[in-house]
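See structure below.
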Amino acid sequence: MPEDRNAKYEGVGYMLPEYEERLPQWGLIDDATAGPSQVKEKAELYLPWPVPEAIDSSKENAARYDTYLFRAVFYGVSKRTLGGYVGQVFTTDPIFSYPETDEALGNLSADVDGAGITLDQQAQKAVAEVVSKGRSALFVDFPTTAGERPTLKEEAENGLRPVIVRYAAEQVINWRSKAVGSENRLSLVMIVEQHAEDDDGYEEATVERWKELRLTEENVYLVRHHRWDEEKGEFYQDGEDVIPTDANGEPFGYIPFTFIGSTNNDSVPDQPPMGDLCDLNMAHYRNSADNEEMLFIMGQPTPYVSGLSEDWAKEIMGENIQLGSRKLLVLPEGGNAGVIEISANADVLGKEMARKEDQMVKLGAKLVESGGVQRTATDAVIQEASESSVLASAANNVSSAYTTALGYIQAFRGIEFDPGELYYELSSDFDIHRLTPQGQQQMVANWMSGAITDSELRDQFLKAGIATEDFDTWKTVQDTNALNTGLGSGAGVEDKPEE
């Protein structure tokens with residue numbers, strides 16, 4: 001929150017305490033998962049000056065900080081780990097189920113937000129934000145139409161269809177709920193967004209605009225927009241209130257908006273799953289800066305001589321001292337020469353960086369885990385279960401949010417929503433680790449001994465990414481081979497056909 005709190009942060013611009021509390025951590029996670037360039041762009045926000053500028057404001061101190069920042073290495077663990085998590089969820093293609101005859105609804109797959117973003121691309125962004133920050137949001141924006149509601153054919157031809165807009169956690173600054181009958185519904189959602197104002201054909205100018213989604217006292221959903229007047233220091237309404245209506249011309253009794261969380265999809269911000277990892281990544285970055293600074297200053301051997309009188313140094317040694325195996329260094333009695341070098345035992349920073357790298361592995365940074373990292377079997381199982389739980393929860397919550405959004409779309413179009421026919425589903429059945437060679441051997445041994453069936457073995461191999469064909473396809477091939485060769489189809493226990 002800005003120190004100079006003014007009218008911009010009251011009323012329309014009011015930010016909930018729950019939002020303000022999470023905002024700094026969300027920003028850090030965004031920067032850490034964006035990578036080195038964005039982290040270094042924030043300079044002293046993440047890498048304080050060795051000698052604070054308030055103590056030494058000289059040009060020399062500023063120049064020292066510039067080189068200090070330049071040499072620092074940000075290890076992109078957070079970015080690579082997040083990419084690995086999202087990739088794990090999308091290893092299996094999502095399922096978008098909808099009636100084949102509904103062309104307008106099918107168009108959502110190729111353009112979900114009216115700006116050319118595909119449904120899967122938007123879902124990837126939502127998963128990434130939920131897995132990293134524990135928070136994202138979806139809003140179904142209904143088109144404004146005059147007169148009669150367009151037919152489904154007109155929707156498809158003219159683009160008069162609802163779209164699903166994803167909002168980042170930082171954009172939703174305020175929200176409220178109220179009881180409507182036995183339900184607890186959102187009654188207010190305030191969103192800060194960038195609105196296109198001027199466009200000369202080459203460059204688009206944008207301004208900050210506050211979108212207000214409100215459920216009135218009469219339980220009527222309306223949309224209004226606000227802008228901030230810098231000169232007057234106050235908000236003003238930008239345009240008239242918009243009251244979307246359904247296919248029967250009736251206003252909606254709810255706000256077509258849903259939060260997405262890492263734990264559940266209620267309005268309370270969840271704990272960011274990658275918060276600890278990103279914090280540790282930044283601490284590792286600060287250690288790196290100090291380590292690189294130390295290596296730069298002390299890493300080069302520094303020769304020295306002692307025990308020389310001023311006359312000896314000037315008359316005998318001269319202005320230059322030549323070193324090397326072919327040079328003879330003559331010193332007076334009691335004189336001494338040597339080289340100052342950094343001690344191998346002084347690598348405290350290097351050891352601390354290695355310790356933090358190990359901690360990052362334990363926090364879930366699987367993509368930086370080396371073969372030398374040792375874990376017990378119990379540790380491995382616990383860690384894998386934890387990560388699978390976080391990913392599965394995120395995937396299920398995102399799937400649920402999109403299916404809810406599809407229900408809002410159908411309500412606008414006047415079509416009864418059937419979640420069994422219309423839904424969007426991400427895979428939540430995955431393993432962090434594929435089967436090891438030893439695990440594969442054990443599975444085959446269990447199959448050959450009759451402990452598991454053909455389909456159970458096949459299912460495990462499909463999950464591990466070893467097999468690509470499902471059990472029915474595999475069984476057909478096996479039966480065909482059995483007919484051609486006169487041999488049985490497998491050494492294990494075959495599944496009995498249903499009677």
Side-chain angles (χ1 to χ4, degrees), residues 1-4 22-84 132-133 170 272 274-305 321 323 338-370 372-373:
M1 172 57 60
E3 294 180 3
D4 182 20
R22 292 289 185 204
L23 193 57
Q25 190 176 28
W26 289 341
L28 182 147
I29 292 171
D30 268 341
D31 293 335
T33 54
S37 297
Q38 188 158 315
V39 171
K40 287 198 170 187
E41 187 179 330
K42 300 297 177 68
E44 61 267 23
L45 177 63
Y46 301 120
L47 188 63
W49 291 46
V51 179
E53 189 178 17
I55 297 176
D56 184 355
S57 59
S58 66
K59 292 182 179 179
E60 291 78 7
N61 191 37
R64 180 194 173 188
Y65 179 75
D66 289 341
T67 58
Y68 179 69
L69 177 66
F70 176 77
R71 284 192 292 266
V73 177
F74 180 76
Y75 199 12
V77 173
S78 299
K79 179 179 180 179
R80 293 165 59 194
T81 300
L82 178 59
S132 60
K133 295 186 287 187
E170 296 87 345
M274 288 185 61
D276 291 343
L277 174 62
C278 292
D279 283 339
L280 193 58
N281 205 170
M282 289 299 182
H284 183 273
Y285 169 56
R286 290 187 287 272
N287 285 161
S288 165
D290 292 336
N291 190 54
E292 294 295 328
E293 176 89 340
M294 180 187 68
L295 291 174
F296 176 77
I297 295 174
M298 304 181 64
Q300 302 178 26
T302 303
Y304 70 91
V305 292
I321 298 177
L323 302 175
V339 176
I340 300 176
E341 294 182 284
I342 187 170
S343 171
N345 296 325
D347 189 20
V348 177
L349 285 171
K351 293 176 180 178
E352 181 60 23
M353 289 173 67
R355 187 177 73 87
K356 285 186 172 67
E357 288 166 13
D358 183 57
Q359 288 176 325
M360 284 189 282
V361 169
K362 293 177 179 177
L363 283 174
K366 305 301 302 176
L367 300 184
V368 298
E369 182 174 353
S370 66
V373 177

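Since the structure is predicted, the reported quantities are computational estimates derived from the model, not experimental observations.
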Under the side-chain contact (heavy atoms from CB on, under 4.5 Å) criterion, do D30 and E170 qualify, and how do the steps go? CA-CA 10 Å; D30 268 341; E170 296 87 345; 2.7 Å; yes

Heavy atoms of E293 and Y68 approach each other most closely as OE1-CD1, 3.8 Å

Rounded distance [0.5 Å steps], CG in D279 versus CE in M274: 11.0 Å

With side chains defined as the heavy atoms from C-beta onward, is the minimum distance between R71 and S288 less than 4.5 Å? no

Under 3.5 Å, side chain of T81 to main-chain N/O of S78, donor-acceptor pair present? no

Test E41 against S37 for side-chain contact (heavy atoms from CB on, under 4.5 Å), laying out the working first. CA-CA 6 Å; E41 187 179 330; S37 297; 6.0 Å; no

Spacing of L69 atom CG and E44 atom CD [to the nearest 0.5 Å]: 9.0 Å

Considering non-hydrogen atoms only, spot the tightest contact between N61 and P52 and give its length. ND2-O, 4.0 Å

Which distance, rounded to the nearest 0.5 Å, do you find between the CG of L28 and the NZ of K133? 11.5 Å

Before giving the answer on side-chain contact (heavy atoms from CB on, under 4.5 Å), spell out for V39 and M282 the whole-Å C-alpha distance, their side-chain angles and the decisive distance to 0.1 Å. CA-CA 9 Å; V39 171; M282 289 299 182; 3.8 Å; yes

Heavy-atom pair of closest approach, residues I29 and G275: CD1-CA, 3.9 Å

D31 side chain to Y46 side chain, donor-acceptor N/O pair below 3.5 angstrom: yes

Drop me the distance from E292's CD to T67's OG1, to the nearest 0.5 angstrom. 11.5 Å

Mutual orientation of the aromatic rings belonging to Y285 and F74 [parallel < 30°, tilted 30-60°, perpendicular > 60°]: perpendicular

Measure the spacing between CH2 of W26 and SG of C278 and express it to the nearest 0.5 Å. 14.5 Å

Any side-chain heavy atom of Y65 sitting closer than 4.5 Å to one from V51? no

Main-chain N/O of A72 paired with K40 side-chain donor or acceptor, under 3.5 Å: yes

